[in-house]
A.B. asks: 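Please read through the structure below; I'll follow up with questions.
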2 protein chains.
Amino acid sequence: MDQRVKKKATIYDLSVLSGSSPSTVSAVLNGTWRKRRIKESTAETILGLAERHQYTTNLQARGLRRSRSGLVGLMLPVHDNRYFSSMAQTFEGHVRSRGQCPVVVSASRDPEEERRTAETLISYSIDQLFIVGATDPDGVHEVCEPAGLKHINIDLPGAKAHSVISDNYEGARMLTEAIIRHFGNDAPLRPDELFLFGGRNDHASRERIAAFHATKKALLGADPEDGVQSSGYSPDITLRAFETFYQRHGKLPRALFINSSINMEGLLRFMAGRPAEMFSELVVGCYDYDPFGSFLPFPVIMVRQNVEAMITKAFELIDEPPMVPQTFLIAPELIQPRSALKGPLDTLKDIA
Amino acid sequence: MDQRVKKKATIYDLSVLSGSSPSTVSAVLNGTWRKRRIKESTAETILGLAERHQYTTNLQARGLRRSRSGLVGLMLPVHDNRYFSSMAQTFEGHVRSRGQCPVVVSASRDPEEERRTAETLISYSIDQLFIVGATDPDGVHEVCEPAGLKHINIDLPGAKAHSVISDNYEGARMLTEAIIRHFGNDAPLRPDELFLFGGRNDHASRERIAAFHATKKALLGADPEDGVQSSGYSPDITLRAFETFYQRHGKLPRALFINSSINMEGLLRFMAGRPAEMFSELVVGCYDYDPFGSFLPFPVIMVRQNVEAMITKAFELIDEPPMVPQTFLIAPELIQPRSALKGPLDTLKDIA
DNA sequence: TTGAAAGCGCTAACAT
DNA sequence: ATGTTAGCGCTTTCAA
């Protein structure tokens with residue numbers, strides 16, 4: 001491509017061209033010139049020159065001087081997931097509307113990586129950090145805190161910073177109940193026919209599992225000990241859990257509580273290559289919402305977490321944090337089978 | 001939280017503590033000290049002090065001085081989409097392994113926003129920019145070029161910078177053929193029973209539509225003019241297109257070519273609340289891959305674009321760009337119904 | 001083997 | 001109503 005890269009104009013260039021000082025140019029350019037009582041005509045001249053020379057602020061220089069960057073960070077476990085990517089989408093909208101620049105990165109659910117990532121972002125002097133689904137939120141806190149970086153946990157709570165999470169217990173209770181009720185009275189579900197797959201030793205999973213147990217006991221009067229198959233947040237481990245189950249029992253349960261769309265993909269992998277009829281009696285509850293998942297050939301009841309509300313609350317909290325770390329619960333929503341809901345994309349204009 | 005934010009240590013602090021000059025400290029800290037012939041012992045002292053005082057480089061200062069930041073940008077149309085978010089996932093891996101910091105932002109398929117976003121990133125002195133699915137790639141080029149920012153188009157090509165895109169014509173040809181062949185010889189598809197929904201006036205859509213027409217003509221011997229319903233990249237516009245079609249014809253086509261998973265969501269919205277039987281005869285080809293979409297109650301043939309190959313090629317090209325702007329085609333893959341493929345997440349370790 | 005010093009582009013306190 | 005100046009923290013010649 002082209003060789004001659006015209007060096008970018010600086011306030012000094014404009015200062016020379018306009019005959020005013022760098023500080024005047026600076027004030028004009030960043031809008032503080034009214035209160036510096038700079039003549040309208042001076043301002044206009046400078047603005048005109050800036051325009052003509054395509055001046056743009058060097059944000060690294062400004063950031064160095066101000067010791068903040070205008071960047072706002074969002075740290076996700078992974079990008080490739082509808083729940084988290086809709087967080088990113090929603091987050092971006094909020095940050096943009098505040099005139100700042102969103103920066104989205106992922107940290108692979110790895111505590112080390114989470115801390116390293118936070119450190120890197122701090123080195124760029126980001127202004128705020130939103131920590132989503134961190135494996136070790138308090139570890140991240142330990143690096144944010146001494147740097148004076150405002151931060152907040154979302155989706156998985158920490159003990160040392162404010163947290164906004166969805167009401168996992170209530171969501172799982174609704175979901176478990178919905179699964180059980182789905183069977184009605186002709187062929188009511190037996191306690192040993194409902195299993196939970198997925199989950200891990202994190203706050204969300206523990207809450208969901210607790211609600212699952214409690215609701216089973218309340219509605220079915222019993223709850224066999226082996227009703228839960230942890231398989232992390234990995235499709236393949238979940239696949240193996242299903243295979244193991246199938247080998248042992250010769251069939252799948254009639255009803256499944258699946259801990260997330262990622263585990264749900266494990267079920268899909270199990271389905272692949274097996275006859276569709278094998279799943280015709282199945283009823284699934286999935287703690288996550290995916291429009292495609294909602295239309296599978298068997299009933300899939302889903303829980304949708306309220307991403308918009310979580311992000312909104314998180315911004316409120318990060319702006320005026322209460323004195324003592326608190327965790328806020330956001331109510332999720334139960335979604336009946338065959339529902340196609342709107343998402344963050346629907347607010348974007350689109351020209352066909 | 002805590003009030004006393006210990007100011008971060010700088011090379012000057014270490015310089016005082018170690019009794020050597022800032023430049024020595026700098027050299028030690030960024031690893032160039034061997035070739036500056038600095039005594040091993042000096043280096044060790046400094047490294048030790050850095051450790052003890054939790055020194056971390058101020059990347060804005062370094063960036064200002066070097067006039068580049070170590071940030072590598074990825075500009076997506078939207079986050080909330082499996083295709084694009086898997087790009088982000090793959091991209092991050094590549095950038096991280098090069099010791100740089102990935103920054104993912106979206107620009108809503110809005111040419112203005114695309115340019116503004118590029119400008120902002122340039123103001124932060126990012127080192128490279130990967131432009132995915134831009135509505136106006138050449139507009140973005142016009143802002144990158146004078147700033148001397150290396151950039152490359154992915155998914156949608158531009159005329160002025162190198163581009164890596166998937167082979168949309170061949171993908172759409174395979175997909176159209178697969179849809180038609182799906183019907184076999186007992187109830188062969190008539191040309192007026194196969195419609196394309198979605199798409200827009202961009203390079204990818206044009207190629208796919210061209211292949212769709214050509215393949216219909218080749219295999220079915222005819223191709224009615226009205227076989228294509230453009231509906232952009234919007235679920236709701238696609239929904240309306242289906243409703244209009246349904247009102248006019250009293251039924252859906254037997255076979256659909258759907259231009260992307262976003263348009264596919266329009267079909268889901270149409271399905272919601274309508275009886276499942278209405279879709280029992282349907283055969284769908286979707287130009288995008290989604291594991292859940294693959295298991296819908298009717299056959300869904302999908303095309304998966306090779307994200308890993310595209311990103312890899314893009315990095316190759318941005319590192320050693322050929323003299324003249326070129327477009328590289330990456331072959332996509334035809335996915336049979338009921339397939340659950342692995343994705344970028346599968347390479348992450350996960351502890352259950 | 002190391003230090004001094006200039007300067008990246010900007011902001012803000014202090015002059016005038 | 002505007003100019004001067006001193007940095008922000010780092011890299012990098014050039015000297016020693």
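Remember, predicted model here, so these are calculated numbers, not experimental data. Proteins get letters first, then strands, A, B, ... in listed order; numbering begins at 1 in each.
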A.B. asks: Expressed in angstrom and rounded to an integer, what is the separation of A:W33 atom CH2 from C:dA12 atom P?
C.D. replies: 18 Å
A.B. asks: What does A:T32 touch in the nucleic acid at a heavy-atom separation under 4.0 angstrom: a base, only the sugar-phosphate, or nothing?
C.D. replies: nothing
A.B. asks: Using a cut-off of under 3.5 Å, enumerate the N/O to N/O pairs linking the protein to nucleotides 4-6 of chain C.
C.D. replies:
residue, atom, partner, partner atom, Å
C:dA4, N6, B:S23, OG, 3.2

A.B. asks: If you only use heavy atoms from C-beta on, which nucleotide in C:dC8, C:dT2, C:dC10 is closest to the side chain of B:I38?
C.D. replies: C:dT2
A.B. asks: What integer distance in Å separates B:Y124:OH from C:dG9:P?
C.D. replies: 17 Å
A.B. asks: Tell me: CG of A:D13 to P of C:dG9, nearest whole Å?
C.D. replies: 8 Å
A.B. asks: Is the shortest side-chain N/O distance from B:T42 to OP1 or OP2 of C:dT2 below 4.0 Å?
C.D. replies: yes
A.B. asks: CD of B:Q60 versus C1' of C:dC8: gap in Å, rounded?
C.D. replies: 13 Å
A.B. asks: On the nucleotide C:dC10, are OP1 or OP2 found under 4.0 Å from the side-chain N or O atoms that A:N30 carries?
C.D. replies: no
A.B. asks: Check this one for me: any side-chain N or O of B:K7 less than 4.0 Å away from OP1 or OP2 of D:dG9?
C.D. replies: yes
A.B. asks: Given atom CG of B:L29 and atom C1' of C:dT2, what is their separation to the nearest angstrom?
C.D. replies: 16 Å
A.B. asks: Can you identify which nucleotide, out of D:dC10, C:dC10, C:dT2, has its nearest atom closest to the A:R62 side chain?
C.D. replies: C:dC10
A.B. asks: Thinking salt bridges, do A:R98 and A:D319 make one under a 4.0 Å N-O criterion?
C.D. replies: yes
A.B. asks: Parallel under 30°, tilted from 30 to 60°, perpendicular over 60°: which one fits the rings of B:H94 and B:F315?
C.D. replies: parallel
A.B. asks: Output the single nucleotide from D:dC10, C:dT1, C:dC8 whose closest atom is nearest the side chain of B:K39.
C.D. replies: C:dT1
A.B. asks: Please verify the inter-ring angle class for B:F130 with B:F91; under 30° counts as parallel, over 60° as perpendicular, anything in between as tilted.
C.D. replies: perpendicular
A.B. asks: Base, sugar-phosphate or nothing for B:R37? Non-hydrogen atoms, less than 4.0 Å.
C.D. replies: base
A.B. asks: Going through the checks in order, is the side chain to side chain donor-acceptor pair (under 3.5 Å) test met by B:T32 and B:N30?
C.D. replies: CA-CA 6 Å; B:T32 60; B:N30 62 40; 2.9 Å; yes
A.B. asks: Under 4.0 angstrom, heavy atoms only, what part of the nucleic acid is B:T10 near: base, sugar-phosphate, or nothing?
C.D. replies: sugar-phosphate
A.B. asks: With nearest nucleotides of DNA chain C determined for B:R66 and B:G19 from heavy-atom distances, which residue corresponds to the more 5′ nucleotide?
C.D. replies: B:G19
A.B. asks: Measure the CD-CZ distance between B:E316 and B:F328 for me, rounded to the nearest 0.5 Å.
C.D. replies: 9.0 Å
A.B. asks: Whole-Å distance between C:dG7 P and A:L64 CG?
C.D. replies: 17 Å
A.B. asks: Using whole Å, report how far CZ of A:R68 lies from P of D:dG9.
C.D. replies: 15 Å
A.B. asks: Do A:P325 and A:K160 have side chains that approach each other closer than 4.5 Å (heavy atoms only, starting at C-beta)?
C.D. replies: no
A.B. asks: Hey, could you give me the OH/OG1 distance between B:Y55 and B:T10, rounded to the nearest 0.5 Å?
C.D. replies: 7.5 Å
A.B. asks: For the CD atom on B:Q54, are there more than 12 heavy atoms of other groups (residues, nucleotides or ligands in this structure) within a distance under 6.0 Å?
C.D. replies: no
A.B. asks: Rounded to the nearest angstrom, tell me the gap between atom NZ in B:K8 and atom P in D:dC8.
C.D. replies: 15 Å
